[in-house]
Amino acid sequence: MYCEWASLQGEIQCDKANQSVLHKFPATVGRDVAYTVVKSIAQNLSLAGSNSEPSHLVSDKEVKWTMEVLCFGLSLPLTEQDTIKECVSVYCDWLSACTEPKACVPAPVRENPNPYTQDIIHHLLNLFVPRPGSVLDLVKRQALLCHRTLRAIEEVATKSTILTRETWETLLKFLLAANDSLLSPPTEKDDIGDHLCERVLSVLFEIWLLACYKCFPSPSLWKTFRNMCVNWRHHETLVVQWHKVNHALTARLLKFLYGPGYPILQLGNVQEEGGSQLIPDDMSYDTIAQCWFRYLHVLNNPVDLCHPDIISNTPKFRQHAMPGNGVVDPIQHECLNKLPYIFFRAMRGISIMVNAFLGIAQSVKADDELYTSQISRQIPGPSTPPGQRKPGRPISSVIAGTLQKGSKMAATVTTPKSSTLPPNLSGHVSFDARQPLASARPRCDSILHLFGAWLFDAALARVSLHPSHKETADKARTESRSSSFTDSRHASISLDFPVMGLNGDNTYEAGRAEAIGALCRIFCAHKTGEAILTTYYSRFYIAMFYGLQTGETMSGQVLSSIIFNSCDLLRVNLDGVQLLVPYILTAIQLILSENSLPFKLNDDRTIELRRSCTHLLISMLCLPLHFKDLKIKDFVPADNVNQVTTFISLRKRITELLLRALLIETDPTNTQMLIGGLMLAVQDQAMFEEAEQNTLQPQHDTSTDSEAHADTSHTSVGTTSSDSSYQESAYHRLHQTSQDVESAYGLFGQATSEVCTRLMVNWKTDLNTALAAMELLSGLAKVQIKPPNLLMCKRTVKWICDFIVFQCNRPNQNHTRDLHSMIVAAFKCLTLWLVEHSRLLYDKECLHNVLEVVELGISGSKSQTKPAEAYSVTLKDSKSVSLNKNRASDVPKFKGDKELMPASMRVKEAAEGVLTVIIQHVGAFPPPCGPESLFSLLDEKSLLKYCKGNSLPEAGSPFKYFVLDNSIIVGLLEQPLGNNEDPLPTVTSLIRGPFGRHAWTMQLRHSPRNNKVNSRSRSRLTDPGRPLPMENVGIHHNIKHRYFPESADKIPPTKADKSIPTLESLVKDNDRTDLNKLKSFIDKAVQFENEISRKSKLNMKHSPFPSQDIECKTPRITQEYQTARLFLSHYGFLSLEALKDNNNSSIPPALVMLDTTNSGLFTDLEILDTVTSRDNDTVHIFYVKSGQKNFHDIIDNVTSRTNVQSQFIEFLHSLGWPVDVRKHAGWTGHISTSWKVMEPEEDISASDYQMSTGGSVYDGRQQVLYWADVSSEVAFVVPSTESRMSSSNTSGDKSPLLTHRMAERAASDISLNKPKTLSLDRADHVDKIKGDSPISPQDQPIFKKSGRQPALMAGPDIKILVVWLENFQDHENFPTGDILSVTRTGMEHLNTSLMSSNTKSAEKDTFIIFIHALQNGLFRIHMQGTTGRINMAIPLIDGMVVSRRTLGPMVRQTAINIGKRKRLESETYQPPHVRRKLKIQEMAKQYRLKMSEPEFYTALFHDVPK
């Protein structure tokens, strides 16, 4: 930089301007003259000062002569203290001529101050010349006079406005000469240089900076400044002052380079010391930039500070080492013992500047206070010069067996016997590697151009390189350029290596640690698509290679610094970074595999160090199965040619380290990270084996799996009487078995065993860790292992049950909301295990354990207790808690005899959910209608379409509704459905209970359905027929039958017989006519009757037999029934006890009839149907192209497949399966289209769907991606421009079921299928709302009651976003607030806290999972969201790197777990079945028909309208 300019160092050192003519005379003569003259002048000054009289020196000649005397007086020995003091006083007063001249200043000086000021400054240099042999008291007095002089010079430089360039140059040369006179010699205790070092350097740097503002120094002066500073580098203060100015300039430089919004470098100590004037406010940007760069290189190469031979290679040091001074070699001087600390301070300052450019917020004041108070006190300096020190015993000799092949090379760095720096002080500001970086930070290459040469050299300070690296280093040294923009070509961009034969030591490891830490931060700040020079890559990897050594050459501070600052190293797309994977693995294995570190570190820093190791570990979990047999090149030639390291060979080491770290980790945060990593490892291994179809079952567990379902007690862990405690049971024995972690089968077993063990022993009292363990076990339950590890599944269920038992039986004072949250999470986890492994309930003992725990959760105690048998659980604090142990053979205690005292209502509700799942869904999931609905898809509207004849009544409802036990609504439809042809009593019931809606069709049958039996039974119900008459039974004779026998004619009549006269005898003549008429009538009647008889006989002869008119027939079977009455009667509900109302209780009777004439009933029924039996979540997915910040541009990306990466489409399809929202019965992402199957006007064809989109087809208008299990359902929505416009048009609708507008739509939809007079039509109810609503129709809710409504207890409104980033840095500018406008689900009204909040408050419950595709085919995860009492969910961890095959399942599982955790944390959340139960109770109370028993029975006999 100054190669074409001459240095003024020789001119300054040989300058005679400070020599007086009196120096030509003997010392006594000059002393006497000076004493006399100076004393007289001082007296005149004092008199003039009091009387304001002018000086008697009126001519230039007089002033010149006087100044010659004063010049000599300043060079007198310190014994002439008074004379020297008076000389200083005179000159300080005369210097006021440049600012505000005093009266005592001679007239020539006042009139032309610049020439005299230059001479005065030259003369004052004599005051700063050391006087060897002076006593301490005199040295202190000399220091005081120097301080006064420096103050006067500062005042002149600061306040004067008349200084010329020559005066400024003289002033700067004076300061350089004064510093060189005091600081060039080796430091001696209590000499003048020791007293004035800090002050004289601060004045030099500050005035030099001021000169840059007022009169910028010439390049020659800058070169002189740099060359002379090189001779002062053995002073710590030089580095301190250097960085003080550098940091101030850096702060100003960043402000105008990157704007005021860039993170500020806090300079607390500078401002307190008047540093606010260090840089003038109006200094131009160009001047600041020039000053910053020139000041940065004023010490030349700061890495020279780690080389005592270079620092001591100065004339003053060599002069001091001349014979007679007691020093043979300059390197042996005692002042060089502080070089390790000075080197550290130099690297520390550079590290702070690197952090400032990266945008890491930091405070220099806190940093300085820490190091000045602790480091300087703890570095006494070794008694032996660093270069001749013998290496001490290595720190890591105890772990030498864990080293890899690369650590067998020659020794590089060894540990000295005396510690130079406490390990906890290295890298303090940048200790937390998770600090955010500025988005507008410069490129890595730009920072490396500035500081890379120094940092690379410092990272290998005092390190002996391998011979192969030395050859490369020699070549690089000859071909590379020099230090950045300087003319010194010493070790600029080349590797620095020590003198041959010099033993490496760890004396300078603190500075090395700072340098390598800064390099790690620079490379971890790599942006997506950013290019870094290959030279920088190679030098960085070489430095990392030596820094990661864990053998005898290990440096604890360097290794710690690398680990702390390299969390993102494996996830920022660095070219060739996989070369470091084996060495990083060995390093973190050293830290994570043992409880204690092999080097000293504070306890709080130990936790952070292990956390950093965990970050690195979760970044490499997927590497072995991703790269498989890809070879990893070694940094040094291997001794064995056949010894090749591949990625797949690291799989076992990584997995074993993960399990080992999880076993010994004590920090909750680190533990949760490891748990998430374990889930990723198992999932990746299982999916890899499934894809490769290379699953092998280990032989040592084959026999146990076949016995998993046997009804024997010895297969269940910890259930026999011999296991009296956890310490003796398999909880502590399992991890001692041989580990098979290279297969999914073995890893699954090891993972479940270790997690359950730690859960029972260590984690059961920590909420977040226990929740993470439950989330891991829930994830493991869904992992497909072939063949399944059935024994481990059974053991896991037993462990979960024991965990619940332990928590429920803890003392009352320990029962908090957090404890109950753990129990609820355990019940949910148990549910998944039972559903996913339904065969477990075929095991008698497993079923008994599960039901026993369910009973404990519901009632608060078990039915089987035997106090004689108990087992103890040892807690973390060594306290033992005894728990009762129950066996299936114990005599149970009846439920009616127990007092119900559950741990809490939340626990009781969770246990009820498990019991219902066992009864309804275990072995029966997914149901026939698919996993999208646990309800029957039939409702009133669907059933009425299939009624017989499809005839609907003009008034009233065809359904009768009853409430059973205040918890179940039964809707009974008495009309047979159209597909029912049997004339049997048929009833269709819609049963709405806490766990769903179910449709049943029942028939009253008296005979079986079998065809053969049915034919015989039908013959008994119909006419069997009569025997046909036979015509050939004999001859038919016409015989007139007599009324009396023939013998009666032979009896003679008597008088009595003739007592009744004949008609003829009584008829007179006049009546004869009438008699004849009567006879004619009788004859006609006889003829008519005979004809009728003849015709009857003729008809009978031709009619079939028997006659239908006279035949006795069976009664006709009834085909119209009051089946509701029959159903209730046959099921035993129509008892008098069930109808009696308890006047002393608000609980209604066991059987209640609802008022179907109230249209509000059907509205509430539809609302009840929207409360499903599962929790539902919505995940909105976005794609962000590189550099996008506007949310309109973001949602437009998914409209075309060409706008997105192919992996994004694959990722979408791995989240769930596509469903049509019009045909989907589950959650669709918005309540308006969820849980109902809408009938389109025309059939939907494939051409109706959008094609070749980037995911916009799943925007919720036509399709969504859906996934569900027995306890959760998730809709994955990809918002698009069209969906945004649609949502904006309906943004005023709070809820489609709770608003007037949606009520109208629902009414119109129903009216299309049945008459408006039907009770299910809500038009009348809508009209009522219109007339009674005091507010706008859009906001008028149906619910008007105060208090917490059952439907409003859905918990927090959680927004879960998944954002795919092309450029990872875009996550810093993601427009979360704007994006929330397209994430409406219709459930926002249910969260009362958000009804009156703005967008910013809504962001508090927003969780974002950022996904970035790395160049190596893996994916980097970044988690963003606020956490409260409960931390972020797993398995995804911030910074985790996942594989392509596990990305979808891991994201889905994390989203579900986030929702579960937020619901656990929320105090306004109730499980779905509880909300349904409360809603049913509310409806029973609101729509109940209060009737007496007779009125109820009478109502049952009312005919249903036909």
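One is the number of the first residue; the rest follow in order along the sequence.
- Smallest separation of non-hydrogen atoms from Ala356 and Thr250: CB-CG2, 4.1 Å.
- A salt bridge links Asp568 and Arg1420; the closest N-O separation between the charged side-chain nitrogens and carboxylate oxygens is under 4.0 Å.
- Side-chain contact annotation: Arg571 with Ser619, donor-acceptor N/O pair under 3.5 Å present.
- Between the side chain of Ser649 and the main chain of Thr645, no donor-acceptor pair closer than 3.5 Å is present.
- Side-chain N/O atoms of Gln557 and Arg512 include no donor and acceptor closer than 3.5 Å.
- Evaluation of the salt bridge (Lys or Arg N to Asp or Glu O under 4.0 Å) test over residues 669-688, restricted to residues two or more places apart or in two chains, returns Asp684-Arg1445.
- Closest heavy-atom contact between Met620 and Leu570: CE-CD1, 3.7 Å.
- The pair Asp457-Arg539 meets the salt-bridge criterion, with a side-chain N (NZ, NE, NH1 or NH2) lying under 4.0 Å from an Asp/Glu carboxylate O.
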Q) Taking it one step at a time, do His449 and Tyr536 satisfy ring-ring contact (aromatic ring centres under 6.0 Å, His included)? A) CA-CA 10 Å; His449 290 337; Tyr536 290 146; 5.6 Å; yes
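- Classified by interplanar angle (parallel below 30°, tilted 30° to 60°, perpendicular above 60°), the ring pair Phe1208/Trp1364 is perpendicular.
- Between the side chain of Glu689 and the main chain of Ala744, a donor-acceptor pair closer than 3.5 Å is present.
- Applying ring pair (Phe, Tyr, Trp, His ring centres under 6.0 Å) to Phe1410 and the options Phe1182, Phe1419, Phe1374 leaves one that passes, Phe1374.
- To the nearest 0.5 angstrom, Thr669 atom OG1 is 4.5 Å from Arg611 atom CZ.
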Q: Any chance you could lay out the side chain to side chain donor-acceptor pair (under 3.5 Å) test for Asn355 and Gln362, step after step, and finish with the verdict?
A: CA-CA 8 Å; Asn355 292 342; Gln362 55 190 338; 3.2 Å; yes
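- In this structure, OH in Tyr262 is found 12.5 Å from CD1 in Ile264, a value given to the nearest 0.5 Å.
- Each of Leu657, Leu623, Thr655, Val581 was scored for a side-chain contact (heavy atoms from CB on, under 4.5 Å) with Leu650, with one residue passing: Val581.
- Between Arg443 and Ala531, the shortest heavy-atom contact is NH1-O, 4.2 Å.
- For the atom pair CD (Gln1415) and CG (Leu574), the distance works out to 9.5 Å, reported to the nearest 0.5 Å.
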**Q.** Arg610 vs Asn670, side chain to side chain donor-acceptor pair (under 3.5 Å): CA-CA, chis, key distance, verdict
**A.** CA-CA 7 Å; Arg610 296 180 67 88; Asn670 296 351; over 6 Å; no
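- Put simply, the side chain of Glu530 gets close to the backbone of Cys444: a donor and an acceptor are under 3.5 Å apart.
- Atom CZ of Arg1444 is surrounded by 12 or fewer heavy atoms from other residues, nucleotides or ligands within 6.0 Å.
- A donor-acceptor pair shorter than 3.5 Å cannot be found between the side chains of Arg521 and Ser566.
- Aromatic ring orientation, Tyr537 versus Phe523: tilted (interplanar angle from 30° to 60°).
- Partner of Ile588 under the side-chain contact (heavy atoms from CB on, under 4.5 Å) criterion, out of Thr614, Leu548, Leu616: Leu616 alone.
- A donor-acceptor pair is defined here as one N or O able to donate and one able to accept, closer than 3.5 Å; no such pair exists between the side chain of Lys652 and the backbone of Glu742.
- Remark: the backbone N or O of Cys567 is not paired with any side-chain donor or acceptor of Ser612 at under 3.5 angstrom.
- Between atom NE2 of residue His1192 and atom CG of residue Asp1378 there is a gap of 7.0 Å, rounded to the nearest 0.5 Å.
- Within a 6.0 Å radius of NZ in Lys527, more than 12 heavy atoms belonging to other residues, nucleotides or ligands are found.
- For the side-chain contact (heavy atoms from CB on, under 4.5 Å) test with Met673, the passing option among His615, Met1440, Glu665 is His615; the others fail.
- For Thr528 (side chain) and Phe1368 (main-chain N/O), a donor-acceptor pair under 3.5 Å exists by modelled atom type.
- Here the closest heavy-atom approach between residue Arg651 and residue Pro624 is recorded as CB-CB, 3.7 Å.
- Note that CG of Asn1416 is 6.0 Å distant from CD of Gln578, once rounded to the nearest 0.5 Å.
- In this structure, a donor-acceptor pair under 3.5 Å is absent between the side chains of Gln1188 and Asn1373.
- Here Asn1457 contributes atom CG and Met1432 contributes atom CE; the two are 11.0 Å apart, rounded to the nearest 0.5 Å.
- Donor-acceptor pairing under 3.5 Å is recorded for the side chains of Glu514 and Ser351.
- Formation of a donor-acceptor pair under 3.5 Å by the Lys628 side chain with backbone atoms of Phe647 is not found in this model.
- Gln1205 places no side-chain N or O within 3.5 Å of a backbone atom of Gln1207 that could act as its donor or acceptor partner.
- Ring geometry for Phe635 against Phe545 counts as parallel: the plane angle stays under 30°, on a 0 to 90° scale with 60° as the upper cut.
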